[in-house]
Amino acid sequence: QQKVQQSPESLIVPEGGMASLNCTSSDRNVDYFWWYRQHSGKSPKMLMSIFSNGEKEEGRFTVHLNKASLHTSLHIRDSQPSDSALYLCAASRGGSNAKLTFGKGTKLSVKS
Amino acid sequence: DAGVTQTPRHEVAEKGQTIILKCEPVSGHNDLFWYRQTKIQGLELLSYFRSKSLMEDGGAFKDRFKAEMLNSSFSTLKIQPTEPKDSAVYLCASSSGTVNTLYFGAGTRLSVL
């Protein structure tokens, strides 16, 4: 069973729209979450990380974390065609890379 | 600084062959990871090295997969013998510390016929 579940599997949003991606861990010991973005045929690149309850904003990207429910979400406002990619959520205990578990990802398509 | 370099970018193997994938981490990074990526399973950890010492060997991948790190700037992943189910993208990543960002290479796409 996948310990990190992402939803939806795929998402289509219009250019300029808001994209909302979800991620939940079933491992109650995790407390660090990362979001990686992988453009087609390219390697994953870290987008944002969050370790504390609440919200973190960087430009058009906002990440929320609820540690009680082990749920994180990524919101992209004013979505651009260049945001079209596979978004991977990863979680670990104590922030350790060695125990990092990835979800299968959400494929985002931004249509102009 | 150069990023993570993986070679070859593409590999085609016959079932039963031995293949070796190569990875050069970011200079100065102490942690190195090998992952396998498929659409069905997503990213799966194969091996993890810290300062050249094998810390994690990926459990289920032990029997035919062997990763080595002979020096701090070079790692190999050997698959012996290959099976069609090994067809996937193999990603190498490095990090400067336990809680730091992973930097991924471009990957090697392996096709086993």
Side-chain angles (χ1 to χ4, degrees), chain A residues 1-10 21-27 29-52 56 58 61 63 85-109, chain B residues 2-7 9-10 21 23-26 29-60 67 69 88-110:
Chain A
Q1 182 185 359
Q2 199 80 8
K3 288 186 176 180
V4 176
Q5 299 280 353
Q6 291 189 243
S7 63
E9 284 189 20
S10 62
L21 292 67
N22 297 293
C23 172
T24 303
S25 172
S26 60
D27 183 349
N29 293 311
V30 303
D31 50 5
Y32 284 66
F33 291 85
W34 287 264
W35 286 93
Y36 281 77
R37 180 167 70 179
Q38 185 177 23
H39 286 107
S40 182
K42 304 293 185 183
S43 59
K45 286 184 170 50
M46 204 277 285
L47 192 61
M48 292 184 74
S49 60
I50 189 162
F51 313 137
S52 303
K56 184 176 175 181
E58 291 181 5
F61 299 85
V63 172
L86 181 69
Y87 288 78
L88 298 164
C89 174
S92 78
R93 309 172 193 179
S96 171
N97 281 328
K99 302 294 182 184
L100 200 61
T101 302
F102 283 86
K104 294 184 183 181
T106 292
K107 184 176 180 181
L108 173 66
S109 298
Chain B
V4 177
T5 303
Q6 288 188 250
T7 55
R9 290 296 312 277
H10 302 274
L21 309 181
C23 174
E24 296 173 32
V26 173
H29 280 189
N30 294 320
D31 290 0
L32 185 138
F33 303 81
W34 283 98
Y35 285 93
R36 182 171 78 173
Q37 186 176 31
T38 60
K39 285 187 179 175
I40 295 175
Q41 296 295 337
L43 275 159
E44 299 171 285
L45 179 67
L46 300 174
S47 292
Y48 162 50
F49 293 88
R50 174 177 295 165
S51 300
K52 300 186 294 178
S53 296
L54 181 65
M55 307 298 289
E56 187 78 45
D57 64 3
M69 195 162 187
V89 175
Y90 289 81
L91 291 165
C92 178
S94 70
S95 171
S96 60
T98 309
V99 297
N100 294 343
T101 301
L102 293 183
Y103 291 86
F104 285 87
T108 295
R109 181 173 294 277
L110 172 65

Answer whether the closest heavy-atom distance between the side chains of Pro44(A) and Leu91(B) falls below 4.5 Å.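 Side-chain contact under 4.5 Å: yes.
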
From [X] atom [atom1] to [Y] atom [atom2], the distance as rounded to the nearest 0.5 Å:
X        : Y         : atom1 : atom2 : value
Leu88(A) : Phe104(B) : CG    : CZ    : 8.0 Å
Tyr36(A) : Leu102(B) : OH    : CG    : 4.0 Å
Lys39(B) : Lys107(A) : NZ    : NZ    : 6.0 Å

Measure Tyr32(A) against the heavy atoms of chain B and call it side chain, backbone, both or neither at under 4.5 Å.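 Interface part for Tyr32(A): neither.
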
Minimum heavy-atom separation for Gly105(B) and Ser43(A), please, with both atom names.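 Taking Gly105(B) first and Ser43(A) second, the nearest heavy atoms are O-CB, 2.8 Å.
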
Counting heavy atoms not belonging to Tyr103(B), are there more than 12 under 6.0 Å from its OH?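 Open: at most 12 neighbouring heavy atoms sit under 6.0 Å from OH of Tyr103(B).
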
Closer than 3.5 angstrom, by distance alone: can the side chain of Lys104(A) be matched with the main-chain N or O of Ile40(B) as a donor-acceptor pair?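 Side chain of Lys104(A) to backbone of Ile40(B), a donor-acceptor pair under 3.5 Å: yes, one is there.
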
Atom group of Gln37(B) that falls short of 4.5 Å from chain A, counting heavy atoms: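 Interface part for Gln37(B): side chain.
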
Please identify, among Gln38(A), Lys42(A), Lys45(A), the residue contributing the most non-hydrogen atom pairs under 4.5 Å to chain B.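 Of Gln38(A), Lys42(A), Lys45(A), Gln38(A) has the most heavy-atom pairs under 4.5 Å with chain B.
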
Take Leu100(A) and Phe33(B) through the side-chain contact (heavy atoms from CB on, under 4.5 Å) test and state the conclusion after the steps. CA-CA 11 Å; Leu100(A) 200 61; Phe33(B) 303 81; over 6 Å; no

